[in-house]
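These values consider heavy atoms only, across backbone and side chains, with no hydrogens, waters or symmetry-generated copies. Below, chain A is the first sequence line, B the second, and so on; all start at residue 1.
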Amino acid sequence: MFLKFREEVIKSLKVDERFVKESDHADLACTVAFKIAKEQKRDPQEVAEELVSEIEPTEYIGSIEVVNGYINFFVSEEFLEDTINLILDQDYDYGSPNMKGEVLVEHTSANPDGPLHIGHIRNSIIGDTLARIMKKAGLNVRTQYYVNDMGRQIAITALGFVRFGIDESKKPDHAIVEAYIRMNEELERNPDIEEEVEDLMIRYERGDREATELFRRVVELALEGIKETLQKLNIQHDEFVWESEFVRNGYVDRILSMLDERGLLKKDGAWMIDLSGLGYEKPVVVRRENGTTLYITRDLAYHLWKNENFERFVNVLGADHKLVGRQLQDILRLLGLKPPEIVFFEFVSLPEGSMSTRRGKFISADELIDRVYAEARKIVENRKELSDEDKDYVARAVAVGALRFDFVKIAPEKQMVFDWRKALDFERQTAAYIQYSHARCCSILRKAVEKGMPDLDFRAELCTKKERDLVVLLSKFSYVITKVVNELKPNVFAEYLLKVANAFNDFYRDHPVLKAESELRMHRLAIVDATRIVLRNGLELLGIEPLERM
RNA sequence: GGGCCCGUGGCUCAGCAUGGAUAGAGCGACGGCCUUCUAAGCCGUAGGUCGCGGGUUCAAAUCCCGCCGGGUCCGCCA
């Protein structure tokens, strides 16, 4: 709805959209008068007034005012009414800007050598939220986990698995990482083992049967545990793509010959691509002297496949992959292929420093989830009206919500230092706050039904300032979705939902609903129901359970 | 050494792409609100040289240059 209003404003002024922005002083404000005033050496206020005098009335522009050269637009009563009616009418479908296209989102893709830690899930949460929002936007989205099964660390894990076995009583990813950590210690004591590692890697790449079985076994175990963790966070991938597949299905050979045909390969024992023309210091090696491929070779092959199957592909990667990511993009461009869009996120570190799976220095996602759940459970314990089963359900939903929200609300480029105290806090600016607002809406509506629910009838002329503000905010849903899909900033959506909850609580405080008289009651119930729908749809996009009671 | 990212009240962040109207929140602090729709809530008060220094502009947290602090990358690893 807000998108339509915005369009009308842009059209009415015949102005570039970058001059039209959101503002505290209006529903939309235009600054173009400053620009024109400068060019014509005139007074901005005068220019603005002149521009406004030429504007034809439209359906959704209610009023216009000129202040200090700003042109301020306010929505019409009709706009408010259409917004509420549209929300109530579309219900679950409300909020889609109806985009089209095939999109692939690759996220998480952590090495299958142990459990996910709190750094990995920043990736998972950003990726999953983005995928949910893109789906809501109308795009056909598939999600993939790229399994790095050919890496050195998997060879080390495999050797550790053979040498020490694993503790079958543990969750498989946690059991696997013990072998990995132990083997790394072993490797430090005895560097001769290095040869074994290399030998195993070569055998796997060549398709040696015994090596393949061993790798499969180890990787599957790790993935089993990883999937379970992701599941707890409401995250599920459509597919797990093993990088070794691209060695076996010919894509690696294809990408190498494409590079060769374009004369991009320098074969000097190893095969490499010289990117110095693009400002890279060192060449990129795509084939070792011993004939085996490297991570980037397989990744290039993967992206050749993506080019053949999708219009748009997005990768979520840690900031440590920036260099490789950009090399990948540039090489693909040199081949005339489409590069992936990459969302880089900065690291999550512990107060005592960065994490390391290899040295066993990390907080696992499982531990985090368990502790946040325990904390939520303590609070839920006070709710006498909930059964034990409900309490468990609510605590779990609150815990997962708190976790997901904490990660998604921070802009990806911001470094995070993990803090237990904050992770276990459920007040304000958190998912619980939004869930709570949603539960309040539900509670009002439940009681209204008990007392005999009247028809919902929103009447713009009955709106107070706060009601109006709330409704305008509700109208921005698809506008915000569009922004997130174009800019790949899921934190913007978290921010938006927080604002909606905030505006609702503002309304809730001094606008009695159930006690209001007939007309007003019907009007306010419509607002409550519309807010409920927006909060519920929004929470689902964040992968957070919209609780009806808590 | 070079590249990239970050630096906004005591703490955590939004705003920066496309410069504009008094720089917004939350936590923490202090003071209030539960015989009234869920107090996981609400209201009020205090608290800011937007890292520092220059520049561009009628206008800079936002753009440009330099510096400082933190992070990260610079393997025939992934």
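- Among the heavy atoms of the strands lying under 4.0 Å from A:K422 are primed sugar atoms or P, OP1, OP2 only; no base atom is included.
- With B:U72, B:A17, B:C42 as the candidates, the nucleotide lying closest to the side chain of A:N502 is B:C42.
- Ranking B:C74, B:A40, B:G15 by closeness to the A:L323 side chain, first place goes to B:C74.
- For A:N505, the listed nucleotide lying nearest its side chain is B:G41; candidates were B:A40, B:G71, B:G41.
- Note on ring orientation: taking the six-membered ring where Trp is involved, the planes of A:Y251 and A:F246 are perpendicular (angle over 60°, cut-offs 30° and 60°).
- Using the Watson-Crick or G-U wobble rule with both distances under 3.5 Å, B:C50 pairs with nothing in any strand shown.
- Using a 4.0 Å heavy-atom distance criterion, A:D510 is classed as making no nucleic acid contact.
- Judged by atom type and distance alone, A:E281 does not reach the base of B:G3 through any side-chain donor-acceptor pair under 3.5 Å.
- Across all strands, A:K38 comes closer than 4.0 Å to base atoms (heavy-atom distances).
- At a threshold of 4.0 angstrom between heavy atoms, the contacts of A:E495 are confined to the sugar-phosphate backbone, with no base atom among them.
- When the side-chain nitrogen and oxygen atoms of A:R298 are compared with OP1 and OP2 of B:A78, one or more of them lie within a distance under 4.0 Å.
- Taking atom P on both nucleotides, B:A14 is separated from B:A59 by 29 Å, rounded to a whole Å.
- Residue A:V380 is in base contact, counting any heavy-atom pair closer than 4.0 Å across all strands shown.
- Residue contacts for A:R524: at a heavy-atom cut-off of 4.0 Å it reaches no nucleic acid atom on any strand shown.
- Nucleic acid contact class of A:N68 (heavy atoms, under 4.0 Å, all strands): none.
- Between A:H120 atom NE2 and B:A78 atom P there is a gap of 16 Å when expressed in whole angstrom units.
- Distance from the side chain of A:A411 is smallest for B:A14 among the nucleotides B:A14, B:C76, B:U18.
- Nearer the 5' end of RNA chain B, as judged by each residue's closest nucleotide, is the contact made by A:S23, out of A:I444 and A:S23.
- In this structure, A:R326 reaches the sugar-phosphate backbone alone: every heavy-atom distance under 4.0 Å involves primed, P, OP1 or OP2 atoms, never a base.
- Side-chain contact check for A:L445 versus A:L525: some heavy-atom pair is nearer than 4.5 Å.
- Classification of the A:F215-A:Y204 ring pair by plane angle, with boundaries at 30° and 60°, yields parallel.
- Each of A:R287 and A:F347 lies near RNA chain B, and the nucleotide nearest A:F347 is the one positioned closer to the 5' end.
- Note on A:S349: nothing from the nucleic acid sits closer than 4.0 angstrom, heavy atoms only.
- Taking only side-chain nitrogens and oxygens, A:Y508 comes nearer than 4.0 Å to OP1 or OP2 of B:A39.
- Comparing B:C76, B:A78, B:A40 by their closest approach to the side chain of A:N148 singles out B:A78.
- B:G1 is paired with B:C74 under the Watson-Crick or G-U wobble criterion, all donor-acceptor distances under 3.5 Å.
- In this structure the side chain of A:S109 never reaches within 4.5 angstrom of the side chain of A:Q144, judged on heavy atoms.
- The backbone N or O of A:T293 lies less than 3.5 Å from a partner atom in the side chain of A:R298, making a donor-acceptor pair.
- Taking only side-chain atoms of A:A29, from C-beta outward, the nucleotide of B:A17, B:A21, B:A40 with the closest atom is B:A21.
- Among the atoms of the strands shown, base atoms are found under 4.0 Å from some heavy atom of A:V324.
- Under 4.0 angstrom from either OP1 or OP2 of B:C11 there lies no side-chain N or O belonging to A:R421.
- Between A:W420 and A:F418, the ring-plane angle classifies as perpendicular under the 30° and 60° cut-offs.
- Against the 90° criterion about 0, the sugar-base torsion of B:C34 places it in the syn range.
- Pair assignment for B:C63 gives B:G55, based on Watson-Crick or G-U wobble hydrogen-bonding distances that are each under 3.5 Å.
- Base engagement by A:E548 is indicated by at least one non-hydrogen atom pair under 4.0 Å involving a base atom.
- Closest contact between the side chain of A:D425 and the listed nucleotides B:C76, B:A14, B:C27 involves B:C27.
- Residue-level contact check: A:V286 touches neither bases nor backbone, having no heavy atom under 4.0 Å from any strand.
- A salt bridge does not link A:E548 with A:R536: none of the charged nitrogens is closer than 4.0 Å to a carboxylate oxygen.
- Under 4.0 Å is where a charged nitrogen must lie from a carboxylate oxygen, and between A:R18 and A:D16 at least one such pair does.
- Checking the phosphate oxygens (OP1, OP2) of B:A78, no side-chain nitrogen or oxygen of A:R358 falls inside 4.0 Å.
- Between the CD1 atom of A:I410 and the P atom of B:G15 there is a distance of 11 Å, given to the nearest Å.
- Between A:Y433 and the phosphate of B:C42, there is a side-chain N or O to OP1/OP2 separation shorter than 4.0 Å.
- Between A:R509 and B:C43 there is a side-chain polar atom (N or O) within less than 4.0 angstrom of OP1 or OP2.
- Residue A:H511 is classed as a base contact, given a heavy-atom separation below 4.0 Å to a base.
- At a cut-off of 3.5 angstrom, the base of B:A40 holds no donor-acceptor pair with the side chain of A:T430.
- As rounded to the nearest Å, B:A60 and B:A23 have C1' atoms that lie 12 Å from one another.
- Atom name P, nucleotides B:G2 and B:U49: the rounded distance is 33 Å, in whole Å.
- The base of B:C6 lies outside donor-acceptor range of the side chain of A:Q415, with no N or O pair under 3.5 Å.
- In terms of phosphate contacts, A:K414 brings a side-chain nitrogen or oxygen within less than 4.0 Å of OP1 or OP2 of B:A14.
- On a pure distance criterion of 3.5 Å, a polar donor-acceptor pair joins the side chain of A:H25 and the base of B:U22.
- For A:N72 against B:A21, a side-chain N or O and a base N or O form a donor-acceptor pair under 3.5 Å.
- The distance from atom CD of A:E375 to atom P of B:A40 is 15 Å, rounded to the nearest whole Å.
- No engagement by A:V147 is indicated, since no non-hydrogen atom pair under 4.0 Å with the nucleic acid exists.
- Here the nucleotide nearest the side chain of A:R440, chosen from B:G71, B:A21, B:G41, is B:G41.
- Ion pair A:E467/A:R524 flagged as a salt bridge, since at least one NZ, NE, NH1 or NH2 atom sits closer than 4.0 Å to an Asp/Glu carboxylate oxygen.
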